[in-house]
Each structure stands twice: as structure tokens, then as C-alpha cells.
*Asks:* 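Before I ask anything, let me first share the structure, which is written out below as C-alpha cells.
We count ligands from 1, going down the list as the structure has it; atoms in each ligand are counted the same way.
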Amino acid sequence: MMEKLLIEGGAPLAGSVGISGSKNSSLPILAATLLTDEPCVIRRVPDVSDTHYMLGILRAMGAAVDRASGTVTVQAATLTSSEAPYDLVRKMRASVCVLGPLIARLRKATVSLPGGCVIGDRPIDLHLRGFEKLGAGIRVEGGNVIVEAPELTGREVNLRGKHGSTVLGTDNIMMAATLAEGTTIIDGAAAEPEVVDLAEFLIKMGAKIEGAGTPRIVIHGVKKLGGADHTVIADRIEAGTFLVIGALAGRREGIVLKRTRPDHLECVIGVLRRCGHEIEISGDEMRVRPGTTSRGSNIETESYPGFPTDMQAQMAALFCLTPGISVITETIFPQRFMYAAELNRMGADIRLEGSTAVVQGVERLSGAPVMASDLRASAALVLAALRAEGKTEINRVYHIDRGYEMLDEKLMNLGARIERCQA
Ligand code: EPZ
């Protein structure tokens, strides 16, 4: 059933909000449970549709899955299939991260080739290059990639592509290498906190991994991995989104974010402070207060620890209502600006020039019917709606539900006026 959100803008927000476990950590960690026949317990898995898709995929491979609120137990005693089903893969590109575990355990995996998606062309050539290096043969047949590796041997693998490294590619090769013969060295590895979280889980399972969080990861293959119990890290993008919400629509006393990892958000915090907003950090809590005078900024997305591509749409919403000109350059997914036309329908002034968005601040936005196009673009529309005059109707809310746990409830608790109804 299609749903939409109706947001009545202008309510100043205050109070506190609990940040959920990371979606982008949960997905590869859930996939990694396929590496062992023993039970694994994963805690703080956010209740969002992407994690449900992933559990569906694990079940389709023969794993027993149990979910009780945020705690998921998976046991893949025997894997009955090496094929990720098309209808699930089609819905979620991140399903490619079952490739690594399947190859490691079954020496074979079939996954449908992900097509383009709304944030642009998203190839998996670097993943495949890595598997090939470890000794796999790769064929494309009927829209599927079939990876077969009778032997997996540790090698040097370079994962640097033209847009930098690859997060899920690093995850995939790291997972496959845990059960390979000998030592694998990943050069140009992604250093995102989600990669580190996955490495920590794999180490608990018995893997031998050094250097996660740096561009060079060394994996010494082991014969077998066992079950483990792991709590995923706080979602840095959800936390970043609430920081921007506080800057954009917070009352003077601000919003408090609980259970966060401020160390994963240094770049975003730096940009918000430069724009004049106040952020106080105390342990795992952050309080954000809107600045009395604020100014724009120029940002360029980069891999971690640079400014995350998953935060630029939300920043654009903030810049729309910030005096002066701000410039956003997207270097990871150059086409990730589907939100611009929608924000302009609300009265924003965003001009696109290739992979750059030039945002001229305006005095006010006004509510309008708009369409969500991907997860972070949808978040940008929600943010703009919180400050727009009148009612904004956001269609295709399922994009938000893919990655934000209970966003409407969390916002309502802060004082926002939001209603969810059938489209
Ligand atoms: C992860 O996607 C995240 N997804 C994305 O979050 C995030 O935007 C992205 O990393 C970048 O930080 C998950 O963790 C589930 P990449 P991933 O491979 O790993 C190119 C969200 O909103 N590339 O690091 O798929 C690619 O086209 C989502 O939560 C190749 O050229 O991204 C891009 O330009 C969206 N060949 C760049 O590398 C490849 O084989 C980085 O992509 C793989 C990637």
C-alpha cells in the first residue's frame, strides 16, 4: 500500500531523540552471518525495510532467522541455495553483499546484476575484480552474475575506482578473504565506520583482520568461522540528519541526540559549526542549537572521514533557508541531485551545474506536493517541509522507510506536525 506523509511546517522542535543502530552496518553484518553454521546474535538492528529485505534473502538461502525487536538471531546451519533471488535483489542494491559470504562458504554465488538506480549508475565491477583476483571465475548469464571459485587464494587486491574506494566492495572482499587460503591485502580499502564494524564482527567470529578503518586491510584466511554476538554502531547518517533538523527547525534550547557516535560525525559537525550552529558533545550525546545568525558553506562529498554523500541532500535543505550562496559538489554519485527539482517546487533556488548544486538561500519555502526519489533525497524533503509555510505532501514514503527507523514518530516526539496516510 502506497503511503504519504503530510507535514505542517513551522513547528519549532525541542526535546530528545534516540538514534537507531546503523542500517549500513547491519546489512553487511547480517550477510556475514552466512559465513558460519553456528548461531549469530546481532543487536540494535534498525526496523527498516532494508533490513527486512536482507533477512528475507538470508531465509531464501536456507538460514533460520528470528527477529525480536532490535535483536536478530541467524543460523545458517546449511545453505540450501547460492542464489540471491531477483525480486529481493531488485529492491535493494545492498543485497550484493551476500556474494562474499556465499563464495567463501559455497565457492559459488549467483546474484542478479544490479541495474542503474535513481542515484545513478552503480556498477559492481570493483567487487568482481576483487573476486577474480582471489581466484574466482565470473560469468554473466540471463541478467545474473555467476561467481565460481573452486579455490580461494589470498592475493593483493586494489579496490580503488574512479570515484574512490567502494564500501560494499571492501566488505565483500574482506568477507570472502576470511575463509581463503593465505593472506589477502586490500589496497584502496574503504575506511568507513561501517567497514570497521563489520571487521569487528568478523574478528569475533574468529577471522584474522588487521587495518580495518585504514586504506590497507590485511586478512589472514582461517579454516572456519564460528557464531558471535555483536551490537551494531549508531547510525551516523540518521544522527547527522537529526543534527541538521536541529539546526534548521530547532528551538533555541535545541535538540538532544542520544546514543550517538560523535567521533563518526566530525566532518558534518565541523560544517554545521562553520555555518554558525552550536553543537555540544557530552559522551555519546549531542545537543544541537540553531545559530542566531547562520551562513552557508561550500561542501564536497568524499569518502570517510570526508563529508558523506549520504548527508549532502539534507545539507541542501538547510542551505535553502540559509542566507547567501552555498555550493555542494558531489564526487561519489555525481547524479545524486534528484531532490533539487522537488525543493525548487517548494520555492528553493537550486541550480545544477553538472555534479555541482548551487544553492541560493531564500527567505521562505512553501508547502507543496513533492515526490521522494531515494532515501536521502526523501529526508531532504522532510527537512524542508518542517520549515515550509503550510502543508507539504510527500509521496513515495517507502523510500524513507527503507532507512530511517520511525522517522515520523521521532519527529512528532520533538513537536513536529506529521500525519501518515494512504496515498
Ligand atoms: C554504500 O554503498 C552505502 N550503502 C551508500 O548508502 C553510500 O552512499 C555509499 O556506500 C557511499 O558512502 C550501504 O552501505 C548499504 P560504493 P556502496 O561502492 O558500497 C563506484 C544510503 O543512502 N563503484 O562505496 O554501494 C560507485 O558507483 C546508501 O544509505 C564502482 O565504480 O557504494 C560510486 O561512484 C545509498 N564500481 C563509488 O564507487 C564498483 O564496483 C562509491 O560506491 C563499486 C562502486
Side-chain angles (χ1 to χ4, degrees), residues 20 22-32 46 48-51 53-54 57 89 91-100 111 113-133 138 145 147 157-175 186 188-198 215 232-233 235-241 264 267-268 301-314 330-336 338-339 355 372-380 399-405:
S20 300
S22 162
K23 168 191 77 103
N24 288 348
S25 262
S26 298
L27 296 174
I29 287 174
L30 289 171
V48 295
S49 52
D50 274 9
T51 61
Y53 292 144
M54 183 52 84
I57 293 174
V89 175
K91 285 197 189 124
M92 184 176 72
R93 204 189 155 281
S95 28
V96 298
C97 64
V98 297
L99 272 175
V111 69
L113 199 56
C117 72
V118 77
I119 70 177
D121 186 20
R122 297 183 68 187
I124 58 165
D125 57 311
L126 296 168
H127 304 228
L128 299 181
R129 192 166 89 195
F131 290 132
E132 240 168 2
K133 268 274 157 71
I138 289 157
V145 204
V147 186
V157 179
N158 187 336
L159 287 180
R160 237 172 244 114
K162 70 171 193 279
H163 296 293
S165 188
T166 162
V167 175
L168 291 177
T170 302
D171 291 345
N172 254 334
I173 304 308
M174 187 163 70
M175 290 190 279
I186 306 179
E192 269 64 9
E194 294 77 15
V195 174
V196 178
D197 203 22
L198 171 64
V232 301
I233 53 172
D235 196 306
R236 66 189 165 105
I237 305 301
E238 189 201 17
T241 303
H264 292 162
C267 187
V268 174
T301 61
E302 280 170 26
S303 48
Y304 189 80
F307 195 91
T309 169
D310 290 346
M311 279 301 303
Q312 59 93 349
Q314 301 88 313
E330 172 59 75
T331 68
I332 315 265
F333 295 113
Q335 299 167 48
R336 203 175 193 182
M338 296 283 285
Y339 60 81
S355 58
S373 58
D374 76 75
L375 175 58
R376 308 305 168 186
S378 322
H399 285 294
I400 298 178
D401 298 334
R402 293 188 60 165
Y404 286 96
E405 186 174 52

*Asks:* Just how far is it from atom CZ of Phe333 to atom CD of Gln312, taken to the nearest 0.5 Å?
*Replies:* 11.0 Å
*Asks:* Report the part of His127 (side chain from C-beta onward, or backbone N, CA, C, O) that has a heavy atom under 4.0 Å from ligand 1; answer both or neither where that applies.
*Replies:* both
*Asks:* Under 3.5 Å, which donor-acceptor pairs link side chains of residues 190-198 to any protein atom two or more places apart or in another chain?
*Replies:*
from   : atom 1 : to     : atom 2 : distance (Å)
Glu192 : OE2    : Tyr304 : N      : 2.9
Glu194 : OE1    : Arg236 : NE     : 3.4
Glu194 : OE1    : Arg236 : NH2    : 3.0
Glu194 : OE2    : Arg236 : NE     : 2.8
Asp197 : OD1    : His230 : NE2    : 2.8
Asp197 : OD2    : Ser25  : OG     : 3.0
Asp197 : OD2    : Ile233 : N      : 3.1

*Asks:* Going by heavy atoms, is Ser165 under 4.0 Å from ligand 1?
*Replies:* yes
*Asks:* Can you list the atoms of ligand 1 that are under 4.0 Å from a heavy atom of Leu126?
*Replies:* 30 (C), 36 (N), 39 (C), 40 (O)
*Asks:* Rounded at 0.5 Å granularity, tell me how far CE in Met92 sits from OG in Ser49.
*Replies:* 9.0 Å
*Asks:* Numbering the atoms of ligand 1 from 1, which are under 4.0 Å from a heavy atom of His163?
*Replies:* 34 (O), 37 (C)
*Asks:* Return yes or no for this condition: an N or O of Leu375 is under 3.5 Å from an N or O of ligand 1.
*Replies:* no
*Asks:* Considering all heavy atoms of both residues, which atom of Ile237 and which atom of Asp310 are nearest to each other, and what is their separation?
*Replies:* CG2-O, 3.4 Å
*Asks:* I need the atoms of ligand 1 closer than 4.0 Å to a non-hydrogen atom of Arg93, numbered in the order shown.
*Replies:* 25 (O)
*Asks:* Considering the heavy atoms of Ile332, write down every atom of ligand 1 situated less than 4.0 Å from one of them.
*Replies:* 33 (C), 34 (O), 37 (C), 41 (C)
*Asks:* Hey, does the side chain of Asp50 reach the backbone of Gly403 with a donor-acceptor pair shorter than 3.5 angstrom?
*Replies:* no
*Asks:* For ligand 1, which is the ligand I care about here, please tell me if Glu192 has any N or O atom under 3.5 Å from one of the ligand's N or O atoms.
*Replies:* no
*Asks:* Please work out which of Gly169, Pro123, Gly161 has its closest non-hydrogen atom nearest to atom 30 (C) of ligand 1.
*Replies:* Pro123
*Asks:* With a 4.0 Å cut-off on heavy atoms, does Lys23 reach ligand 1?
*Replies:* yes
*Asks:* Could you tell me whether a side-chain N or O of Glu330 sits under 3.5 Å from a main-chain N or O of Ile332, the two making a donor and an acceptor?
*Replies:* yes
*Asks:* Ala94 versus ligand 1: do any nitrogen or oxygen atoms come within less than 3.5 Å of each other?
*Replies:* no
*Asks:* Residue-level breakdown please: for Glu194 versus ligand 1, do any non-hydrogen atoms fall below 4.0 Å on the side chain, on the backbone, on both, or on neither?
*Replies:* neither
*Asks:* Tell me whether Arg129 contacts the main-chain N or O of Asn158 through its side chain, where contact means a donor paired with an acceptor under 3.5 Å.
*Replies:* yes
*Asks:* If we only consider heavy atoms of Arg129, is any one of them less than 4.0 Å away from an atom in ligand 1?
*Replies:* no
*Asks:* Say whether Asp310, considering both its backbone and side-chain N or O atoms, lies within less than 3.5 Å of an N or O atom on ligand 1.
*Replies:* yes
*Asks:* Below 4.0 Å from ligand 1: does a non-hydrogen atom of Arg402 turn up there or not?
*Replies:* no
*Asks:* Where is the tightest heavy-atom contact between Ser378 and Ser373, given as atom of each residue plus distance?
*Replies:* OG-N, 4.3 Å
*Asks:* Please work out whether any backbone atom (N, CA, C, O) or any side-chain heavy atom from C-beta onward of Arg336 is under 4.0 Å from ligand 1, and answer side chain, backbone, both or neither.
*Replies:* side chain
*Asks:* For ligand 1, is there an N or O atom under 3.5 Å from any N or O atom of Thr309?
*Replies:* no
*Asks:* Measure from atom 13 (C) of ligand 1 to every heavy atom in Asp235, Leu198, Asn24 and give the option owning the shortest one.
*Replies:* Asn24
*Asks:* Do Tyr404 and Arg376 come close enough that some side-chain heavy atom pair is under 4.5 Å?
*Replies:* yes
*Asks:* Apply the test side chain to side chain contact (heavy atoms under 4.5 Å, CB included) to residues Thr51 and Leu27: give CA-CA distance (whole Å), side-chain angles for both, the deciding distance (0.1 Å), then the verdict.
*Replies:* CA-CA 6 Å; Thr51 61; Leu27 296 174; 4.3 Å; yes
*Asks:* Under 3.5 Å, is there a donor on one side chain and an acceptor on the other for Glu302 and Thr331?
*Replies:* no
